[in-house]
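To keep things clear, I will list the structure first and then write my remarks on it.
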Amino acid sequence: MIVAIDGPAASGKGTLAKQLAEHLGFGCLDTGLLYRAVGRDVARAGFQLNDTWAAVAAARGLDPATLDDPALRGTEAGDAASFVARIPEVRAALLAYQRDFSRRPPGAVLDGRDIGTVVCPTADVKIFVTASPDVRARRRHAEFIARGVDVAYETVLADIRVRDARDAGRANAPMIAAPDAMLLDTTDLSIEAAFDAAVGLIKRKISHAGC
Ligand code: DC
């Protein structure tokens with residue numbers, strides 16, 4: 001069984017994916033980390049992010065064992081990821097790893113921007129998680145403050161808006177809900193309520209499919 005979770009930055013999709021994977025006993029892949037790692041590796045190799053050749057080489061040579069690098073967690077890494085993610089050859093180079101992961105038994109949860117549309121278009125369950133930009137910025141800001149990172153709320157909100165526009169506006173595999181995705185708006189939901197709602201959606205989907 002494959003569960004595809006897409007949505008914008010700080011919508012809560014990452015937390016939801018992890019919780020669902022744990023609940024179902026499935027593997028979980030945060031596909032944003034792949035793009036973040038490509039951005040990191042381009043910079044480490046001494047190239048600019050707009051160097052397409054370097055980005056494609058980094059994507060083709062990516063070592064998934066390096067995805068737990070704490071350096072991939074910050075805003076800068078997210079921006080760099082969003083930048084290199086626009087390059088079709090980078091996306092193509094990361095596709096096989098994501099698809100292989102999705103097929104691992106007993107099942108997998110993948111979260112990203114194009115899981116339900118491009119990576120796993122035949123996923124059993126597709127959820128598109130949204131929340132207002134303001135609420136997403138407030139959540140992300142609170143996370144930064146909790147980690148001792150001093151950043152203004154306005155900066156976080158501006159970054160989220162730029163990232164949304166770039167991720168949704170690119171020509172190749174833009175962030176968009178698959179036509180058959182279930183929408184989950186977490187603007188007014190706690191993490192627990194979002195999890196319960198997602199489990200409810202999955203149960204309904206499975207019972208409709210007659211599984
Ligand atoms: O989910 P995240 O914030 O870690 O993702 C970082 C960036 O990577 C995001 O702004 C766009 C890109 N990305 C993508 O294009 N496709 C995915 N499936 C996942 C992430």
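In each ligand, atom 1 is the first atom listed, and ligand 1 is the first ligand listed. Numbers here simply count residues along the sequence, with the first being 1.
For the pair Lys13/Arg113, a side-chain contact is recorded, criterion being any heavy-atom separation below 4.5 Å from C-beta on. Residues Leu110 and Ile5 fail the side-chain proximity criterion, which asks for heavy atoms closer than 4.5 Å.
The pair Arg140-Asp159 does not meet the salt-bridge criterion, since no charged nitrogen lies less than 4.0 angstrom from a carboxylate oxygen. Ion pairing of Arg138 with Asp134 is present here, as a side-chain N (NZ or NE/NH1/NH2) and a carboxylate O approach within less than 4.0 Å.
Contact annotation: Arg91 has at least one heavy atom less than 4.0 Å from an atom of ligand 1. Under a 4.0 angstrom heavy-atom cut-off, Lys13 registers as being in contact with ligand 1. Judged by the shortest distance from any of its heavy atoms, Arg170 lies inside the 4.0 Å radius around the atoms of ligand 1.
When each atom of ligand 1 is checked for a heavy atom of Ala85 under 4.0 Å away, the hits are 12 (C), 15 (O). Per-residue contacts place Asp167 under 4.0 angstrom from the following atoms of ligand 1 (heavy atoms of the residue considered): 9 (C), 10 (O), 11 (C).
In this structure a side-chain-to-backbone donor-acceptor pair under 3.5 Å is missing from Arg36 to Ala71.
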Q: Start with the C-alpha distance between Asp164 and Arg136, add both sets of side-chain angles, then the distance that settles salt bridge (charged side-chain N to carboxylate O under 4.0 Å, His left out), and finish with yes or no.
A: CA-CA 11 Å; Asp164 282 358; Arg136 288 188 281 130; 2.6 Å; yes

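Of the protein's non-hydrogen atoms, Gly32 CA, 3.5 Å is the one closest to atom 20 (C) of ligand 1. Ranking the protein heavy atoms by distance from atom 7 (C) of ligand 1 puts Ala81 CB, 3.5 Å first. In this structure, the protein non-hydrogen atom closest to atom 6 (C) of ligand 1 is Arg163 NH1, 3.5 Å.
Of the N and O atoms on the side chains of Arg166 and Ser82, at least one donor lies less than 3.5 Å from an acceptor on the other residue.
Close N/O approach between Tyr35 and ligand 1 is not found [any backbone or side-chain N/O within under 3.5 Å]. By the 3.5 Å distance cut-off applied to N or O atoms, Thr31 is counted among the residues near ligand 1.
A cation-pi geometry, defined here as NZ or CZ lying under 6.0 Å from the six-membered ring centre and within 45° of its normal, holds between Arg86 and Phe83.
In this structure, of Arg140, Arg86, Gln98, Arg113, the residue bringing a heavy atom nearest to atom 2 (P) of ligand 1 is Arg113.
Contact annotation for Arg36 and ligand 1: only side-chain heavy atoms (C-beta onward) come within less than 4.0 Å of the ligand.
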